Amino acid sequence: MSISITTPLYYVNDKPHLGSTYSTLAADAYARYLRLKGNDIVFVTGVDEHGQKIQRTAISKGISPSEHCNKISSQYVDLWDNWNISNDKFVRTTSKKHRRIVEEFFLRVKEKGDVRLGNQQGWYCVGCEEYKEEVGSDKEPICPIHLKKLEWRDEENLFFCLSKYQKEIEKLISNDSFIQPISRRNEIKSFVSNGLRDFSISRIDVDWGIDVPGYNGHTFYVWFDALLGYLSALIPENQDLGLDDLINLGWPADVHIIGKDILRFHAIYWPAMLMSAGLEIPKKVFGHGFLTREGQKMGKTLGNILDPQLLLEDYGEDAIRWYLLSDIKFGHDGDFQIKRFKELVNSNLANTIGNLLNRTSSMARKWFDNKVPKYSIKDTNNSLKELSLITIDEVILFYDDLYLRECSQAILKLSSSANLYLNETAPWQLVKDDANKELVAFYLYNVLETCRIIALLINPLVPNLSINILKQLHTEHHINDWSENLKWGKLLMGADLPNPHPIIQKIE
RNA sequence: GUCAGUGUAGCUCAGCCGGUUAGAGCACAGCAUUCAUAACGCUGAGGUCGAGAGUUCAAGUCUCUCCACUGACACCA
C-alpha cells in the first residue's frame, strides 16, 4: 500500500524562490529515504494557480492568467527537474482532474451540512487585500500601512463550519506526533483553545478560480482549492476516478512538509475539511523554518534574494543540499552564510568524506592490484564495523523523525572515525613488511566498506554524491534497497577498484 | 499589548532532574606526516554562558526584573 508525502503547492504569483526550494529539497530527501527503506511512496509537489493576486499580476503584465500560470508553472517544473527532485506527481490546480475533485469534495462537505452562507464583513484595505481586524472605533478608519481610508465591505460568502470540529481538532492536535516540531504545536494548541470559527471558502469578486457548483458568481477561495491539490495530485491523468479511489492511490499522506507560515491551515482547517468529507487525516504535518541571508530577511526590496537556479548553476546540487539540510536544524530558522557554506562543503564533503575514499582506494589499488583487498582473518574485533552498524541504526531513527541535521552529523562522525582509524592502524607503515599483508587488507577493506555504508546513508541528502562514491567502489547497483545492501560485508573482496577521483569539487 | 520561544567561543550549535578547571564541529595558530584532494591526525589559542538581582554550601542550569531578537494572537501563499 502506498503512502504519499507532499511539499506545499507553491503559489505561482512569482518565480520560484529559495524557500520553496528548501521545502522541496527536504521533502525530496525524506522521499528518497522512504523509498530506500522499501516503502511504496508517492511524492507530491505542484502549484497553486488561482486567486485574485495572480489575476492581477497577469493583467499588470498584459497577459491572461492562464498564460501567466503556464509560464511560472513551467519554471517550477524545470527547476525541480534541474535539481533532480524525485517527485512522482506535479499537480496544477488549474487541471481538469483538480476541478473535479474540488467539486466532488465540496458536494460531500455540503451534503454533510458543513457549508453555510454567511457574510464576510469588515474594514477592507484594497492595498493590503485583506480585512483589518482591529481598527479602533473610528468612523473612517485608516490602514496603518497604506495610510488610506478603509472600505466597509459586506460580502456574501460560503463558509465552512469549522466550529463544529472543535473537539475533534483538539483531540487530533493533542497527539504528540501530528504537529512537528513540538515548539510549533503549542502555538496551534493555544490558537485552537481560543475557539474555532467558521471560515469563508468562496469569493464573489474573483473570476480566476473554480466555480462553486450551484452558487453563481462564487469561486472557491484558496483553502477549498489549493489544499485539495494534495488529493487531486494522486489521481492519474485522464482517468475518471474520485475521492473514493484515493485510499488506493496514496491517501492519507504520511506527512505534509510545509513552511511554518501555513501550519495552521494544514493542522486545523485541512483536517477538519477532511473529516467533513469522510476522508482520512494525514499522519503528520511538519512546519519547517525560514531562511535568511547573512542575517537579513530575503526580499525584493532589499534586493538580496538568492535565486535557486543560479545557486544550482554556481555550486551544484550536492553542495547546496548538503549545506541546507546538514547545517540547519530542520524545523528551525536558518541563515544562509556564503562563507560558512563554502567552508562546510569543503570540510565535510571534500576533505572528510571525499578524501577518506580517495586515500583508501589509492592504497588498496597500489598494494592489491587495483582490487578490493581480500583477507581471511576473523573479524571478531572489528571496531569500525561495530561503529558502522551503530551509525546505521542511529541514522535510520533520525531519518524517521526528519532529523536531517542529526543524520548528517552522525554520518560525518563515522567518516571522521574512519579517518582516525586509518591514522591509528597506519597501513602504509605495515605494508612495508610482507608479513602484515593480511592485516593491511583487513584494515583497508573495513574502511572501504565503511565508505560504502556512508554513501548509502548519505544518499537521501546528497544523492548525486552518493552515487559518485558508489561508482568508485563499483557498487552503484547497491542503491535501491537498504534492507538488502545496508549490511556489513556486501563489498566484494577482489572486485575491481576504479581509479578514484574527487567526489566533489572544492569551492573557490 | 497578551502569550510562547530564543540569547553559551569568530560561525553553527550541544549542555538532562543545579555539583569537579563550560563542550563539539567549522574557522584560526603550531606540530607531525605522506596512503590521500596543501587532505588526515595531534596540540593550542579563543567564552565575565544577553544584563542585573535573588535562592543555595554550589547556577549556563532554579526565581524575579530588564534588554535584544523571533513566532502566535483567524482568512496573508
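What you see is a predicted model, and the numbers here were worked out from it, not measured in a lab. Each chain gets a letter, A, B and so on, in the order the sequences are listed, and its residues count up from 1. For the numbers below, each heavy atom of this structure counts, side chains included, while hydrogens, waters and symmetry mates do not.
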Enquirer: Please tell me if A:Lys260 has a side-chain N or O lying less than 4.0 Å from either OP1 or OP2 of B:A72.
Expert: no
Enquirer: Using only side-chain N and O atoms of A:Tyr221, determine if any of them is under 4.0 Å from OP1 or OP2 of B:C76.
Expert: no
Enquirer: Salt bridge (charged side-chain N to carboxylate O under 4.0 Å, His left out) with A:Lys89: which residues, sequence neighbours excluded?
Expert: none
Enquirer: Just to verify, what does A:Phe220 make a ring-ring contact (aromatic ring centres under 6.0 Å, His included) with, not counting sequence neighbours?
Expert: A:Phe106
Enquirer: Just to verify, what does A:Phe286 make a ring-ring contact (aromatic ring centres under 6.0 Å, His included) with, not counting sequence neighbours?
Expert: A:Phe330
Enquirer: Using distance only, find each side-chain donor-acceptor pair of residues 344-352 of chain A under 3.5 Å and give its atom names and separation, not counting sequence neighbours.
Expert:
from	atom 1	to	atom 2	distance (Å)
A:Asn346	OD1	A:Ile507	N	2.8
A:Asn346	ND2	A:Lys342	O	3.4
A:Asn346	ND2	A:Ile507	O	3.2
A:Asn348	ND2	A:Leu344	O	3.4
A:Asn351	OD1	A:Lys506	NZ	3.0
A:Thr352	OG1	A:Ser347	O	3.0

Enquirer: Atom CG of A:Asp333 and atom P of B:U6: how far apart are they, to the nearest Å?
Expert: 14 Å
Enquirer: Pair up each side-chain donor or acceptor in residues 362-374 of chain A with any protein partner under 3.5 Å, not counting sequence neighbours, and list the distances.
Expert:
from	atom 1	to	atom 2	distance (Å)
A:Ser362	OG	A:Asn358	O	2.8
A:Arg365	NH1	A:Leu497	O	2.6

Enquirer: Tabulated below should be each protein N or O lying under 3.5 Å from an N or O of nucleotides 67-69 of chain B; please produce it.
Expert:
none

Enquirer: What one-letter contact string describes nucleotides 36-43 of chain B from 5' to 3', where B marks a base within less than 4.0 Å of any protein heavy atom, S marks contact via sugar-phosphate atoms alone, and - marks no contact?
Expert: BB-SBSS-
Enquirer: Regarding A:Tyr165 and A:Asp114, do their side chains bring together a donor and an acceptor under 3.5 Å, going by distance alone?
Expert: yes
Enquirer: Under 5.5 Å between ring centres and under 30° between planes: does that hold for A:Phe199 against the base of B:C75?
Expert: no
Enquirer: Just N and O in the side chain of A:Gln409: are any of them under 4.0 Å from OP1 or OP2 of B:A24?
Expert: no
Enquirer: Apply ring-ring contact (aromatic ring centres under 6.0 Å, His included) to A:Phe341 and list each qualifying residue two or more places apart in sequence or on a separate chain.
Expert: A:Tyr315, A:Tyr323, A:Phe336
Enquirer: Can you list, pair by pair, the side-chain donor-acceptor contacts under 3.5 Å of residues 8-15 of chain A, counting residues two or more places apart and other chains?
Expert:
from	atom 1	to	atom 2	distance (Å)
A:Tyr10	OH	A:Ser20	O	3.0
A:Tyr10	OH	A:Thr24	OG1	2.6
A:Tyr11	OH	A:His50	O	3.1
A:Asn13	OD1	A:Thr57	OG1	2.7
A:Asp14	OD2	A:Lys300	NZ	2.9

Enquirer: Report the secondary structure of RNA chain B in dot-bracket form, marking unpaired bases with a dot and bases paired to a different strand with |, and treating Watson-Crick or G-U pairs with both distances under 3.5 Å as paired.
Expert: (((((((..((((.....[...)))).((((.........)))).....(((((..]....))))))))))))....
Enquirer: For RNA chain B, which residues in residues 222-233 of chain A have a heavy atom at a distance below 4.0 Å?
Expert: A:Val222, A:Trp223
Enquirer: Looking at residues at least two apart in the chain, or sitting in another chain, which of them share a ring-ring contact (aromatic ring centres under 6.0 Å, His included) with A:Phe178?
Expert: none
Enquirer: Side chains of A:Asp225 and A:His98 only: does a donor on one sit below 3.5 Å from an acceptor on the other?
Expert: yes
